Structures are given as structure tokens and as C-alpha cells.
Amino acid sequence: MRRALYWFRNDLRINDNEGFAKAVNENDEVLPIFILDDQWFSKDQFGIEKMGAMRLKFLLESLADLKDQLQKIGSDLRILKGDSVGVLIKTYREFDCACLYAQKASSFNETQEEIKLSEQLTTDFIWGETLFHLDDLPMEIEELPDVFTQFRNPVEKKSKVRPLIESPESAKTPEGFGSSLPTLEELGLETPKKDPRSPMPFEGGANAAHERLQYYLWDKELLTNYKNTRNGLLGSDFSSHFSPWLANGSISAKEIYWQIVKYEKYVVKNSSTYWLIFELLWRDYFHFVALKNGKKIFLRTGITGEDKIEWKSDKHFGLWANGKTKESFIDANMHELNATGFMSNRGRQIVASYLIHQMNIDWRMGAAYFEKMLIDYDPCSNYGNWAYIAGVGTDPRGGREFNIARQKETYDPKGEYQAYWN
Ligand SMILES: Cc1cc2nc3c(=O)[nH]c(=O)nc-3n(C[C@H](O)[C@H](O)[C@H](O)COP(=O)(O)OP(=O)(O)OC[C@H]3O[C@@H](n4cnc5c(N)ncnc54)[C@H](O)[C@@H]3O)c2cc1C
């Protein structure tokens, strides 16, 4: 009898999950495990907690949903807290496993974990984070261009999105392997109160992800006009809001892509349907940039190695983080983030530009605060976008400084968004 450990990471689904399907197919028994890593409950170099209560709540909901999906196919999920590498080695040995399977990661700490595990165990790390498979890129990862368009053009011409992987119909797991879900309080955080102003009731898990997909594409056909609405700020219909589910893998980029293809066949194919795929490509790009550049994406000098901005003291950082800068557009966006764990893409660009170029505060503090607060936190997209605006990432123009007055005029001309959140 062959038994394997399956480590769920940012792939909290059983549909279109190549690694999980492989583990089930190649083994008689599979032991699904998720680890709430001790690191996530620590503070970073700036003294900012790494995981805030809203993201943890979303994660626990996602795990509850995953556990439910697994139980439906005869399996279960064990959830433990600890040092991921240590817990995995111990569990692997305790259950006499033949192999540890998991989705391969692209960001630095996670790839380091893979190296450590592979030194001690038989491992199989399977790619699955992105729309385009790593092996299908028309370039080696070392040759990945530092400019998005130079990546996008050849990918669009030469690469194809792979078909979906079906969920296993059944999976055998030893009786009693599953464990209960901890509460936020048991993990040392307080359950956040739901803010009545929140425009979108984000709930974790594949089920909620597919409900949102159904709503955005099929019930409301909002995709038809996405390119014109995507810079919106108020409400929840202006953009897909898929990011929290994509970030922890409750839904895959491929699942969204193949629904867009269907939409193009049955509803309409236009610049908006293309644009959502284009944005998913940005997500891919930041994941590949992280894979190529390792630790560098987390350094102040980023992938350029330059430190062009004269950084000032961070003593006013709290004003920015708490939405007390007295610049009402900045404050409104930060209030939304603090109340809901979400902020529009337009808002993120503006508050990031303000912190970097107006307040001259180290961009990594802003990125760290987003890491704590965003329910869609993704190391690659977060640090990639922050570095881009700071001019140490992949922006061919060397950074973005937004004129706040002009942004207000263009995106909130009547001040409705500011009135709503201030
Ligand atoms: C400073 C800053 C920090 C950010 N941090 C994160 C983060 O931690 N996690 C995260 O998922 N996104 C991040 N983004 C990217 C983007 O703001 C969000 O993905 C987007 O706002 C999510 O809303 P949506 O799902 O409605 O996006 P849509 O406009 O509907 O786009 C669809 C999907 O495409 C992807 N996408 C869109 N824009 C980008 C982008 N600029 N970069 C990478 N992927 C993109 C996302 O997965 C998104 O869900 C950040 C952007 C900035 C400027």
C-alpha cells in the first residue's frame, strides 16, 4: 500500500488541482494537510503583523470549504499550526508516507521550504499557480523579460492555456486523520466585525468563488463592460473581485479563463473579455518575476538594484495607515481597506504613490501593511506592484507618481467615494 502526504498551500480547491489529482492517482491513500505557519503570526522587520484578522478569517472560511469538499469525496483535512517544514517531516514519518506532494510556489520563502523538504523527504512539487504553465512559457525563467509587454507578446502568440483537471471522484484517507478548524481566537486574533458599509460580502472558499464567477459573468454579464468599469471605486460590480479567491487558490486562473472563453462564445467577445485575460496575465507575470528574482523583490532596491528615492523618516506612517493624512482621497481608500480588507486597483495605485512619492516613506512599509490587511494578499502581486510604483520593479518608465488632484477629478469627480468612506 502506498501512502502520500498532500500539502495544501495556495491551492485550496480540489477542482483543477493537478497536484492533488496526481497524489490521488499515484497512491492508495492520501493525507491532506494544511499548516498555519508560525511565521504568519509574527511581526516583520517594521513591527507590522504579517497576517491581520480579516485575511485569517477569509483563510479559515476557505479551509472549512476545502474540508467540506474533501469529505464529500471520502477524504478529510488535517489543519495544524507550527513550522511548516518541521510539521511536514514529522507527519510524513509518522504515517510512513512514500511521497510529499504540493503545489510549487513562486515566492522566495516558499521555494526555500521546498528545498529544505526535498533534502529530507521524497517530494513532488507541481506547478499550478498561474494561467500559463511555467513549462509552456516561450522563454526560460532566467530569460523572463523585465518589462511586461515583452513577456505578454510572445506568450499570447506562442503559449496555450492547458485544459482543466477534473476533481478526483474519491480519495482514501485514514480514518481519524482530519482535524477540526481552529477559531480566530484560538489563533490569537479577534474575529473582525463586519462593517455595514462593506460593498461586498467576501466569503472564503471555492463555493463562494464560483458564486462570484456565476454572478459576474452569467447572472449580470458584467464582464461585457469590464474594460470601461475596471477603474471604478464604489460598489462591487466595477471589477471582478476574484482576487481573494485567486490568491489562496480557492479558484484557479484557468477556471476563470475557460469561463471567459465560454462567455466569448455564448455572450460576447470584445475588448473587455480580452482585458480580464490581460489582467490575469499581469498576475502571471508577477509570479514569474518572483520566481526569477527570488529575494530581490522584497529588497528596497528591488530587481533594479537602485535606490533612487531619498527616503525620509517613517514617523508619519501611522497617518497613512490609519487614513488620517487629511488628503481625503487617500484617507477614504485607507478607511475602506481597514474596514473591509479590500481596495480597488485604482485606490491601491494612488495610496502607494502617495506613500512613496509624497511622504517618501520606504515602499516596503506600505507593502507590509497591505500584506497584513488585504484579504487578497499575494506576495508576488503585492511586492511586484509596490516595487513597480516605487521605480525598482518592472516599470519601463522607472516608477509611477500619480497626481492626486487629477486622480480625484477623473475617478471621483463628485466626491461620492470620499463621502462614502470618510
Ligand atoms: C500597490 C498594489 C498592491 C497590490 N497588491 C495585490 C495583492 O496583494 N494581491 C492581488 O491579488 N493583487 C494585488 N494588486 C493588484 C490589483 O490591485 C488587484 O489584483 C485587484 O485590484 C483585485 O481586484 P479584482 O479582482 O476586482 O481585479 P480585476 O480588475 O477584476 O482583475 C482580475 C484579476 O486579475 C489580476 N490582476 C488585476 N490587476 C492586477 C495587477 N495590477 N497585478 C497583478 N494581478 C492583477 C487579479 O488576480 C485580479 O483578481 C495590487 C496592486 C497595487 C497597485
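Counting starts at 1 for both ligands and their atoms, in listed order. Side chains included, hydrogens not; waters and symmetry mates left out as well; all remaining heavy atoms used. Small disclaimer: the values here were computed from a predicted structure and weren't measured.
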In terms of side-chain geometry, is the basic nitrogen of [X] or [Y] positioned less than 4.0 Å from the acidic oxygen of its partner?
X      : Y      : value
Asp38  : Lys81  : yes
Glu18  : Lys22  : no
Glu279 : Arg283 : no
Arg400 : Asp395 : yes

Who's the nearest protein heavy-atom neighbour of [atom], and how far?
atom                    : result
atom 39 (C) of ligand 1 : Glu279 OE1, 3.8 Å
atom 52 (C) of ligand 1 : Asn385 CB, 3.3 Å
atom 9 (N) of ligand 1  : Asp376 O, 2.8 Å
atom 31 (O) of ligand 1 : Tyr226 OH, 3.4 Å
atom 43 (C) of ligand 1 : Ser381 OG, 3.5 Å
atom 32 (C) of ligand 1 : Leu276 CD1, 3.5 Å
atom 23 (O) of ligand 1 : Phe342 CZ, 3.5 Å

Ligand 1 contacted by Tyr388 (non-hydrogen, < 4.0 Å): no
Would you check the N or O atoms of [X], main chain and side chain alike, for any that come under 3.5 Å of an N or O of ligand 1?
X      : result
Trp386 : no
Gln349 : no
Ser243 : yes
Ala352 : no

Interfacing atoms of ligand 1 (cut-off 4.0 Å, heavy-atom, Phe286): 42 (N), 43 (C)
Per-atom contacts, ligand 1 versus Ser239 - under 4.0 Å to a heavy atom: 24 (P), 26 (O), 29 (O), 30 (O)
Cation over ring face, Arg348 and Phe342, 6.0 Å, 45°: yes
Plane angle bin for Phe151 and Phe288 - parallel if under 30°, tilted between 30 and 60°, otherwise perpendicular: tilted
Aromatic ring pairing Phe8/Phe20, orientation class (parallel under 30°, perpendicular over 60°, tilted between): tilted
Under-4.0 Å heavy-atom contact with ligand 1, by part of Asn382 that carries it: both
Polar side chain donor-acceptor pair, Asp11 to Asn17, under 3.5 angstrom: yes
